[in-house]
Amino acid sequence: MSRDSSGGFPVPGLSPLAGMVSTSSSRCMTTAASTTMDSSESVTDVPPRIKFKRLDKTAKHIMQILDKEAVEEVKGQREIPDIKPGYIVQLKVEVPENKRRVSTVKGIVIARRNAGLNNTFRIRRMVAGVGVESLFPLYSPNIKEIKVVDKKKVRRAKLYYLRNKMNALR
């Protein structure tokens, strides 16, 4: 068969432009005009390409999955109780300067921040008549034991108003 000036095969009854359109689209779909296909042209099965809408959202999703896996791993290693504001807790904390010394800290939880593996809680306690607040990561390897001593009923998520009171939730 001979080709016309447009590079495609001439189709009787169609204009040269229509013939060019039908031959260029014959790779993806067949038309009534071009039903024959050479056996030399083989179409390989290419797996569909996964398109991500926004790569930054995909990266965040992957980080969330890794974060959940790390939390589950830490929870499997040791028991971590549910800590809420208003709970009076007792912690056994390993002192970073001296790895063998374990310090006991007892105080009231006045705040909690939920951020996956970076969960933190703030404890307020009295040391020599002075109020001291300490911020602890919940999944820190330096915390050896967490024990809930008492549960006080509170109506707030953050108990910062206890800073102004001497006897907090007695």
Side-chain angles (χ1 to χ4, degrees), residues 21 24-31 37 41-170:
V21 170
S24 64
S25 64
S26 67
R27 292 181 185 169
C28 299
M29 62 182 176
T30 59
T31 60
M37 190 174 198
E41 267 188 78
S42 63
V43 178
T44 59
D45 290 333
V46 178
R49 190 172 149 225
I50 299 173
K51 291 185 179 179
F52 296 114
K53 293 182 180 176
R54 288 182 55 190
L55 288 177
D56 58 337
K57 286 191 176 185
T58 305
K60 286 179 188 175
H61 179 67
I62 292 171
M63 288 306 294
Q64 287 173 351
I65 293 170
L66 292 174
D67 202 30
K68 284 181 185 177
E69 288 175 357
V71 168
E72 292 300 321
E73 181 182 335
V74 172
K75 282 185 178 179
Q77 291 175 355
R78 60 188 170 102
E79 181 185 342
I80 298 174
D82 185 31
I83 296 176
K84 295 181 181 177
Y87 285 13
I88 297 173
V89 295
Q90 184 174 5
L91 305 173
K92 290 188 179 175
V93 182
E94 192 175 80
V95 181
E97 293 88 28
N98 187 359
K99 289 289 182 185
R100 285 177 275 182
R101 189 170 146 242
V102 177
S103 173
T104 303
V105 177
K106 182 179 177 184
I108 185 166
V109 178
I110 63 168
R112 181 179 166 141
R113 178 176 154 260
N114 295 319
L117 191 61
N118 301 321
N119 279 358
T120 58
F121 61 98
R122 189 176 298 265
I123 289 184
R124 183 165 178 85
R125 60 193 174 120
M126 299 297 283
V127 177
V130 179
V132 176
E133 288 185 9
S134 304
L135 186 69
F136 293 101
L138 185 61
Y139 302 113
S140 171
N142 291 337
I143 297 177
K144 298 302 174 193
E145 183 184 348
I146 302 173
K147 186 166 46 168
V148 177
V149 178
D150 195 14
K151 298 178 181 181
K152 301 290 183 178
K153 184 181 177 186
V154 295
R155 294 183 176 187
R156 303 279 179 272
K158 307 285 192 244
L159 306 178
Y160 295 138
Y161 64 89
L162 295 178
R163 293 172 177 166
N164 300 330
K165 296 190 176 191
M166 288 300 290
N167 296 328
L169 295 179
R170 296 272 174 203

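Just so it is clear, the model here is predicted, and its values are computed rather than measured.
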request  = Go through the steps for V102 and V93 under the test side-chain contact (heavy atoms from CB on, under 4.5 Å), then give the verdict.
outcome  = CA-CA 5 Å; V102 177; V93 182; over 6 Å; no
remark   = In short, A157 meets P85 closest at the heavy-atom pair O-CG, 3.0 Å
Test log, rule side-chain contact (heavy atoms from CB on, under 4.5 Å), inputs I80 and V74 = CA-CA 9 Å; I80 298 174; V74 172; 4.1 Å; yes
request  = Test side-chain contact (heavy atoms from CB on, under 4.5 Å) on V89 and V149 and set out the steps.
outcome  = CA-CA 5 Å; V89 295; V149 178; 6.0 Å; no
inquiry  = Rounded to the nearest 0.5 Å, what separates atom CD in E145 from atom CD in Q90?
reply    = 7.5 Å
Under 3.5 Å, which donor-acceptor pairs link side chains of residues 127-143 to any protein atom two or more places apart or in another chain?
from, atom 1, to, atom 2, distance (Å)
E133, OE1, R163, NH2, 3.1
E133, OE2, R124, NH1, 3.3
E133, OE2, R163, NE, 2.6
S140, OG, N142, N, 3.1

request  = Kindly compute the distance separating CD (E72) from CG (D67), expressed to the nearest 0.5 Å.
outcome  = 10.5 Å
inquiry  = Tell me if the NZ atom of K106 is crowded by more than 12 foreign heavy atoms within 6.0 Å.
reply    = no
query = If you count the non-hydrogen atoms of other residues, nucleotides and ligands that lie under 6.0 Å from NZ in K151, is the total more than 12?
reply = no
Would you be so kind as to tabulate the donor-acceptor pairs closer than 3.5 Å made by side chains of residues 107-119, with sequence neighbours excluded?
from, atom 1, to, atom 2, distance (Å)
R112, NE, N114, OD1, 2.8
R112, NH1, I83, O, 2.8
R112, NH2, N114, OD1, 3.3
R113, NH1, N118, O, 3.3
N119, OD1, A115, N, 2.6
N119, OD1, G116, N, 3.3

query = Just wondering, more than 12 heavy atoms not from Q77 lying within 6.0 Å of its CD?
reply = yes
inquiry  = Would you compute the distance between atom CD1 of I146 and atom CZ of F121 and round it to the nearest 0.5 angstrom?
reply    = 4.5 Å
